[in-house]
Asker: 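Below is one structure. I have some questions about it.
Only a predicted model underlies this, so the values are computations on that prediction, with no experimental measurement involved. The figures that follow rest on heavy atoms only: side chains count, while hydrogens, waters and symmetry mates do not. By convention in this document, chain letters (A, B, ...) are assigned in the order of the sequence lines, proteins followed by strands, and residues within each chain are numbered from 1.
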Amino acid sequence: MSPQESLPISDLIPDLKLTLQKTSTAIVEAPPGAGKSTVLPLELLNESWLEGQKILMLQPRRLAAKAVAARMADLLGEKVGQTVGYRVRFETQVSSVTRIEVVTEGILTRILQSDPELSGIGLIIFDEFHERSLQADLALALSREVQQVLREDLKLLIMSATLDGEGLSRLLDDAPVLTSAGRSYPVAVRYLPRDLDGPLPALTAGVVSRALDEESGDVLAFLPGSWEIQRTLFILQERHPQLSLHALYGELPQAEQQAALLPDPQGRRKVVLATTIAETSLTIEGIRVVIDSGYTRIPRFDPRTGLSRLETVRVTLDAAIQRAGRAGRLGPGVCYRMWSEVTQNQLQASRPPEIMEADLAPLVLDLAQWGVKDPAALSWLTLPPTAALRQARDVLENLRAISGGTITPRGKSLLKYPTHPRLAHLLMEGEAAGQGALAADVAALLEERDPLPRDTGSDLYMRVEALRRWRAKQGTEGDVAALKRTERLAQQWRRLLKVPEENTRPTHEQLGLMLAWAYPERVAKLREGEHLRYRLANGRGVRLKEHDPLQGEPWLAVAHLDSGTDEGRIFLASILNIFELKADFREVETVSWDSRSGTLVARKDTRYLELVVESTRISHIPEEQRIQVLCQALRSEGLHLLSWNETSLQWQARVQSLHLWRTSEGWPDVSDQALLDTLDSWLGPFLQNVRKRDDFQKLDLPSILTGLLPWDLASRLDDLAPPRLEVPSGFKVQLQYFKDGSTPVLAVKLQEMFGLLDTPKVNGGRTPVLLHLLSPARRPVQVTQDLRSFWQNTYPEVRKELRVRYPKHPWPEDPWTATATRGVKRRDP
DNA sequence: CTCTCCCT
């Protein structure tokens, strides 16, 4: 029996009918090709529990939604729009007798928002749920709440192709799982003995050649992106000129995509190099051999910047299975996996659900409309991550769509435009400004693929011009398929806004303003002295590619950019007249320290978010602010701006030592850090006349520091931590204190200490100083804290050596009774 | 080497 004649899903139908009669939520697990999408809805249509209500079936793709509806209608011998209809954005085929509506995922959210009771709907089927799209996750969360709160009779059926029905069931309060077999043919998998290393195109081309040699039939190879596809194509063209070779990826013009899907008209052997587009979205006729390079490109949304960037990563296990399955649609097939069995065992099971990695601004706006401030109030399969939620709220607050987490009237209006809130904002503002036709063109261009080749530069103006010239039949620049798609979308926006098409030339400034409506935080200002580098209104750095036509423009409104590690790159932008955004300007007076000139600068800035539009110098500076800024300058440049000398440094070390030694007496902490932390209070009052760096040096630091000590402590300072000590020679010798409280050092010539028995002490007699005993030439002879022991044990040895080297100096055998001296031997009288 | 793939 051929697979086309049997539908494995049929075996499961009686069971499913019974299950849905008893429970409100069920899971059907069936691999692709089981026939579930068309057979199940029709089978369930006349169940008594449905009470004549409608079935909604969700599909992740528009194309699939229409195709599934068409197949079902066909099975009933009807046209689409009778019993079976569909709804996708801007396109509806339903009538008053329609019982099954196939809808794309975003549509369900809209239906729920407009009628939370889902009147007249008895069952919602989530098809391809294993894809875990953001929209499907949201729709399920909302539907479950409806089921729990408003509609206990509402049934949910989740259909999934993957193996983890059990996990899904746990998350859905142990909903029953029904499993069906697929109808695909076996695919033999061949692994490499070990992982290869090197550029992917050359490796893939090698495996393609090998497969052509070993196997018969057409070949489909999966590569991460268009660059690798083009490189591989180039290599294979040289090597196999007789083959029918095709690339297949989303950006390719329609005709080339079609050629890749159909069998070669001349009957040649076909090799198709494709991206993930061939995993689920497009099916290629007659493939028997699949080659999986093992890599795929995915977007990573960075919540810090609100931007996403593409990364090339290893395929996940479920994608690898899906890819291999593409070889078994017509008969037994073969799949070459370009990795080893060791790597196979380390593959991740599946990609994280989209909700983990996506821009959540649309979701947050939908939740706000639903009346939910905190997403945790709903039950999710995967809770949306907090960093992305925060970023989404920022964006929506910027668009004034929410305020304090609650939806505003403006936010409610945005939801009337079926698109991302940013583009909705553009359309709404454009409409209000009487520029609806242009807003429609710009919104369409922003959403569709770029019609111009990538070396055109980043100016949006050229895209608008290309679209309008093509529409007015005045010329064709760029990809016609992309222009067609864009125009179709623009037309739908015009219909919604009720405006006629316009083909005149817009001004650059109009375009800039429109982009700023959609991306207010991506207004960019050229950096001083640069022609490619800009700063965004949110503070990030971005740059144009070399030779971009927009280079040197003082202001840009940026639409698309990537989040590079350091500087993002601008892909699409427009010239902007920043004064068009006057309503959002703020005036800010700033006093700052210019560390280059070492002066105080006061300015009045006109700002747009973080960017300075205009800046004028002002002369008057409020005293309090000036002192604050001076203190900040000291913090950033350091205490050395002040006129520290030996005396003040030693004062600091002495007081700090006492602070550390005598903790109970209230000696203040005068470490550098503590001084910096308390600048405003101890130094502030002395800064009246400071305007520039040199003025700091003129301050009388020693007397300012003295003010830090309360009177009673000040009077004890010289006693407890004397700056100098008198030694037996009669001289006063400087003591060296340390900020970390280590033992103060008395560096003194050995001979000046004759006659002294014990080590001198400071700190009220508690701390013997550390003696650095010096030779007559001031070379260190000994370091000790115990003078008595030195005289007894070490001095005799030292003496022997020193009397030879310094014979003119006295080296008495008995240092205790000798007279201390600084000079040479006194001549005997 | 910007450009995987979708969706209201």
Asker: dT4(B) phosphate, OP1 or OP2: any side-chain N/O from Ser226(A) under 4.0 angstrom?
Answerer: yes
Asker: Side chain of Arg89(A): nearest nucleotide among dT2(B), dC6(B), dT8(B)?
Answerer: dT8(B)
Asker: For Leu142(A) and dT8(B), give me the distance from atom CG to atom P, rounded to whole Å.
Answerer: 16 Å
Asker: If I take atom CD in residue Gln322(A) and atom C1' in nucleotide dC6(B), what distance separates them, rounded to the nearest angstrom?
Answerer: 15 Å
Asker: When you measure only distances, ignoring hydrogens and angles, does the side chain of Arg110(A) come within 3.5 Å of the base of dT8(B) through a donor and an acceptor?
Answerer: yes
Asker: As a test of understanding, state which of Ile407(A), Leu414(A), Val364(A) forms a side chain to side chain contact (heavy atoms under 4.5 Å, CB included) with Gln369(A).
Answerer: Ile407(A)
Asker: Return the value, rounded to whole Å, for the distance between atom CZ of Phe126(A) and atom P of dC6(B).
Answerer: 21 Å
Asker: Would a 4.5 Å heavy-atom cut-off, applied to side chains only, mark Arg449(A) and Asp479(A) as touching?
Answerer: no
Asker: Of Pro421(A) and Pro299(A), whose nearest nucleotide on DNA chain B comes first from the 5' end?
Answerer: Pro299(A)
Asker: Can you tell me the distance, in whole Å, between the CZ atom of Arg62(A) and the C1' atom of dC6(B)?
Answerer: 9 Å
Asker: Just N and O in the side chain of Thr312(A): are any of them under 4.0 Å from OP1 or OP2 of dT4(B)?
Answerer: no
Asker: Round to the nearest Å and state the distance from Leu248(A) atom CG to dT4(B) atom P.
Answerer: 12 Å
Asker: Listed by chain and number, what are the salt bridge (charged side-chain N to carboxylate O under 4.0 Å, His left out) partners of Glu128(A), not counting sequence neighbours?
Answerer: none
Asker: Return whichever of Ile298(A) or Trp227(A) has its heavy-atom-nearest nucleotide of DNA chain B closer to the 5' end.
Answerer: Trp227(A)
Asker: Check every atom of dT8(B), dC5(B), dT4(B) against the side chain of Thr419(A) and return the nucleotide holding the closest atom.
Answerer: dT8(B)
Asker: Over 60° means perpendicular and under 30° means parallel, so tell me whether Phe90(A) and Trp493(A) are parallel, tilted or perpendicular.
Answerer: perpendicular
Asker: Return the value, rounded to whole Å, for the distance between atom CD of Glu131(A) and atom C1' of dC6(B).
Answerer: 9 Å
Asker: Would you mind telling me which of dT8(B), dC6(B), dT4(B) lies closest to the side-chain atoms of Arg61(A)?
Answerer: dC6(B)
Asker: Taking ring-ring contact (aromatic ring centres under 6.0 Å, His included) as the test, write out the residues that go with Phe301(A), two or more places apart.
Answerer: none
Asker: With a cut-off of less than 4.0 Å, is there a side-chain N or O of Arg351(A) near OP1 or OP2 of dT4(B)?
Answerer: no
Asker: Can you tell me if Tyr249(A) is stacked onto the base of dT4(B), using a 5.5 Å centroid cut-off and an angle below 30°?
Answerer: no
